[in-house]
Amino acid sequence: MDPEDFIFLSALNQYDYCPRRCYYLFVENTFLDNEHTVEGTLQHSRVQSGETSIRDGALQLRSAYLYSRKLGICGQADVIEEKGGEIYPVEHKKGRRGEWRNDALQLCAQALCLEEMNRKPVPRGYIYYAATGRRQEVEFSPELRQQTIDAIAAVRRLIESRERPPNPYTPRCKGCSLSDICLPRETARLHGNQDAKPKRRSL
């Protein structure tokens, strides 16, 4: 596959979070900052040093470049660790622990790259959530692996078609840095969605 056709690992996270956001970022190359994206950038700047270190008996490589020619994906992993003969990715996120499928898809894609590059199985990885200061283990089950492969295909279709997805108004829109461009709430009002209308303040 031509390297120019490779999909960034981060695109899988963005697509699962919101296909419309993924479109703006990876098709139109449009991006705006808000307090959430700035905080996330600062969080990643602490780990993207490219340094190698040892912590709690684990060899850590920061800001490691990963790729899979078979799947046509590439990008950086925040941290790759090796401990007891096992190698696995560690992704840093600013939020809290939870069942965030978009984060798990990105992490699983990193594992698929590692497996192809090292020819060794990667059964699990970890997501470090800064808000709680704890890691969450993610098992790369057959189901998650298939969901990741499906997400790769969906992102590739989006980029190749260049068709802008719809913009449904959801709770996630409130924290999105691109809401002023996407205008999901305004679009919902035009379509008569009463929930998207501003609430009247009581006197």
Side-chain angles (χ1 to χ4, degrees), residues 1-34 36-37 40-41 43-44 48 63-80 88-95 98-117 122 124-127 136 138-173 175-184 187:
M1 180 176 294
D2 192 319
E4 293 186 358
D5 295 329
F6 275 40
I7 292 171
F8 288 116
L9 297 171
S10 58
L12 305 181
N13 191 314
Q14 299 293 347
Y15 183 87
D16 193 71
Y17 185 85
C18 173
R20 178 93 161 198
R21 179 176 173 85
C22 183
Y23 169 86
Y24 282 124
L25 293 174
F26 297 98
V27 177
E28 291 193 354
N29 295 315
T30 300
F31 181 77
L32 293 175
D33 270 320
N34 64 6
H36 301 294
T37 61
T41 299
Q43 171 67 26
H44 278 84
Q48 292 182 342
S63 192
Y65 180 77
L66 303 176
Y67 66 88
S68 168
R69 297 186 185 279
K70 177 182 177 181
L71 298 174
I73 53 177
C74 66
Q76 286 188 333
D78 289 336
V79 180
I80 298 298
Y88 48 85
V90 181
E91 183 69 12
H92 284 235
K93 299 296 181 183
K94 76 176 189 67
E99 298 300 322
W100 307 112
R101 191 179 73 163
N102 52 318
D103 292 344
L105 290 174
Q106 183 179 359
L107 189 72
C108 185
Q110 294 175 5
L112 295 175
C113 290
L114 278 173
E115 289 181 337
E116 181 176 319
M117 294 170 68
V122 181
R124 67 186 60 83
Y126 298 88
I127 301 175
Q136 179 168 316
V138 177
E139 179 185 354
F140 302 130
S141 64
E143 179 182 11
L144 179 57
R145 288 170 181 267
Q146 187 58 53
Q147 289 175 347
T148 303
I149 293 172
D150 292 343
I152 294 170
V155 172
R156 179 163 283 111
R157 288 194 298 270
L158 173 67
I159 293 175
E160 291 178 350
S161 70
R162 303 186 67 84
E163 294 181 3
R164 184 182 299 172
N167 57 342
Y169 182 61
T170 72
R172 291 182 171 184
C173 297
C176 179
S177 64
L178 298 175
S179 60
D180 288 342
I181 296 175
C182 182
L183 302 176
T187 302

Exercise. For atom OH of Tyr17, is the number of surrounding heavy atoms from other residues, nucleotides or ligands below 6.0 Å larger than 12?
Worked result: yes
Problem set entry | Interatomic spacing from CG in Leu9 to SG in Cys74 - rounded to 0.5 Å | 6.5 Å
Exercise. Taking it one step at a time, do Arg21 and Cys176 satisfy side-chain contact (heavy atoms from CB on, under 4.5 Å)?
Worked result: CA-CA 8 Å; Arg21 179 176 173 85; Cys176 179; 3.2 Å; yes
Exercise. Just by modelled atom types, is the Gly72 backbone N or O under 3.5 Å from a matching donor or acceptor in the Arg156 side chain?
Worked result: yes
Exercise. If you take all heavy atoms of Pro165 and Leu158, which pair is closest and at what distance?
Worked result: CG-CD1, 3.7 Å
Problem set entry | Side-chain donor/acceptor of Arg145 to backbone N/O of Phe140, under 3.5 Å | yes
Seminar exercise, completed: side-chain hydrogen bond (donor to acceptor under 3.5 Å, both in side chains) filter on Thr187, not counting sequence neighbours, yields Asn167
For this session: Heavy atoms only: give me the nearest Pro184-Tyr169 pair and the separation to one decimal.
Result: O-CB, 3.8 Å
For this session: Taking all non-hydrogen atoms of both residues into account, name the closest pair between Cys173 and Pro168 and its distance.
Result: SG-O, 3.6 Å
For this session: Ignoring hydrogens and angles, state whether a donor on the side chain of Gln106 or Asn102 is under 3.5 Å from an acceptor on the partner side chain.
Result: no
For this session: With the side chain counted from C-beta on, respond yes when Lys93 and Asn13 share a heavy-atom pair under 4.5 Å apart, and no when they do not.
Result: yes
For this session: Look at the side chain of Gln136 and the backbone N and O of Ile127, then say whether any donor-acceptor pair between them is shorter than 3.5 Å.
Result: no
Exercise. Taking it one step at a time, do Ser68 and Leu112 satisfy side-chain contact (heavy atoms from CB on, under 4.5 Å)?
Worked result: CA-CA 7 Å; Ser68 168; Leu112 295 175; 5.7 Å; no
For this session: For atom CD of Glu139, decide whether the heavy atoms of other residues, nucleotides or ligands shown that lie under 6.0 angstrom number more than 12.
Result: no
For this session: Taking all heavy atoms of Arg69 and all of Glu116, pick out the closest pair and write down the distance.
Result: N-OE2, 2.8 Å
Exercise. Between the main-chain N or O of Leu105 and the side-chain N or O of Gln147, is there a donor-acceptor pair closer than 3.5 Å?
Worked result: no
Exercise. Any side-chain heavy atom of Leu12 within less than 4.5 Å of one from Cys108?
Worked result: no
Problem set entry | Residue list, ring pair (Phe, Tyr, Trp, His ring centres under 6.0 Å) with Tyr88, at least two apart or on another chain | Tyr126
For this session: Please step through side-chain contact (heavy atoms from CB on, under 4.5 Å) for the pair Val155 and Phe26, ending with a clear verdict.
Result: CA-CA 9 Å; Val155 172; Phe26 297 98; over 6 Å; no
Problem set entry | Euclidean distance, Asp16 CG relative to Arg101 CZ, rounded to 0.5 Å | 4.0 Å
Exercise. Got a sec, which residues hit salt bridge (Lys or Arg N to Asp or Glu O under 4.0 Å) with Glu28, two or more places apart in sequence or on another chain?
Worked result: Arg164
Problem set entry | Contact summary for Leu183 and Asp180, nearest pair of heavy atoms | CD2-O, 3.4 Å
Exercise. Going through the distances and angles, do Thr148 and Leu71 end up as a side-chain contact (heavy atoms from CB on, under 4.5 Å)?
Worked result: CA-CA 10 Å; Thr148 303; Leu71 298 174; over 6 Å; no
Exercise. Atom CD1 in Ile159, atom OH in Tyr15: separation rounded to 0.5 Å?
Worked result: 10.5 Å
Problem set entry | pair Cys113-Ile73: side-chain heavy atoms closer than 4.5 Å | yes
Problem set entry | Val122 versus Pro89, closest heavy-atom pair with distance | CG1-CD, 3.9 Å
Exercise. To the nearest 0.5 Å, what is the distance between OG (Ser177) and CG (Leu25)?
Worked result: 7.0 Å
